[in-house]
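Below is one structure, written out as structure tokens; the observations come after it.
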Amino acid sequence: MPTAYLGPSGSFTEAALAGLQVRPGEAVPYPGVRQALDAVRSGAADAAVVPWENSVEGAVTASVDALAHSGDLCITGETLLPVQFALAVPPGGSLSSVHRILTHPHAHAQCRTWIDTHLPHADFLTSSSTAQAARDVANPGNSRVDTAAIASPNTLRRYGLEVIAENIGARPDAVTRFVKVARPNKRLAPPTGADRSTMVVPLAGRVSDLHDVLHEFVRTSVPLTSVLSRPSGTGFGGYSFLLECEGHIDEPPVGSVVASLRRRNARTVFLGSYPRATPTLTPAPAPNSPLTNSLTGSLTPRGETL
Ligand SMILES: O=C(O)C(=O)Cc1ccccc1
């Protein structure tokens, strides 16, 4: 069964597949995060790999929102990928000819300082991924020398574009975390001793609510690794908190936190326990080449609505 990923080929998400033990022959590109997740929901794919969080720009909210509220999918693994950005134009273009930039919003945000300095008047057009931006700028049908794409330098060259600026991201050490998502499975992969757990807790807006939730982690000494609030979309004041912590639900401290959060609010969603990825210093490789960053184990945790 294939694994869906945010494509097209050449995306950073494709480069992250090897770190999640997905072989190139098993991977199928989808035009968006939602489409990749829907492929898992419908059974067209066994799993999906989507960008989740970046060390410079924070959460990829499109992925978080598409996953957090449904409760019908779970996270089974994660990997970290160093990302570097370059700017490229169709052959014949130059920096002075660029008036429009296409890329993914997360790539744009990480290159904002460089863009403000070198192309302060360029318009930004959103692409569904960095590789889609490269493909659109290279497409002979709409290729204009006044339009540039931001993606990995290898991807830009692979699509036939001329790289005119490299390392344009704000941080050379930027890292993106990607997650692998699957349908819930009754058998949860056992704890490895270095796991992460992800859950979503709806809060009604009382001042004490967030305090009480955070107190659960203090009470059990479970280290929180991230806290993200997202509006529930039902008027002001309603929020869901995406909480990530160290540990595994089958270990007493995390199991006890999740059980208490569930008692507090039955709509708490447990999204999975899976091995934590360890950072490496290897830059993003060329598309389709083997990666060196890795994650142990092949996993089938259950995701359950608590
Ligand atoms: O995978 C891609 O190519 C994306 O566009 C998502 C993304 C954007 C920026 C950093 C990492 C992943």
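Each ligand, and each atom within it, is numbered from 1 in the order the structure gives.
When ring centroids are compared, Y5 and F12 stay outside the 6.0 Å threshold.
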When you check ligand 1 against the protein, what N or O pairs turn up below 3.5 Å? List the atom names and distances, or just say none.
from: ligand 1; atom 1: 1 (O); to: F12; atom 2: N; distance (Å): 3.2
from: ligand 1; atom 1: 1 (O); to: T13; atom 2: N; distance (Å): 2.9
from: ligand 1; atom 1: 1 (O); to: T13; atom 2: OG1; distance (Å): 2.7
from: ligand 1; atom 1: 3 (O); to: F12; atom 2: N; distance (Å): 3.0
from: ligand 1; atom 1: 3 (O); to: T130; atom 2: N; distance (Å): 3.3
from: ligand 1; atom 1: 3 (O); to: T130; atom 2: OG1; distance (Å): 2.5
from: ligand 1; atom 1: 5 (O); to: T130; atom 2: N; distance (Å): 2.8

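Taking all atoms of both residues into account, the shortest heavy-atom contact from S197 to S273 is OG-OG, 2.7 Å.
The side-chain hydrogen bond (donor to acceptor under 3.5 Å, both in side chains) check on N167 picks up nothing, with sequence neighbours excluded. S226 meets the side-chain hydrogen bond (donor to acceptor under 3.5 Å, both in side chains) test with E244; sequence neighbours excluded. Under the side-chain hydrogen bond (donor to acceptor under 3.5 Å, both in side chains) criterion, H118 pairs with W114, not counting sequence neighbours.
A donor-acceptor pair is defined here as one N or O able to donate and one able to accept, closer than 3.5 Å; no such pair exists between the side chain of T268 and the backbone of V201.
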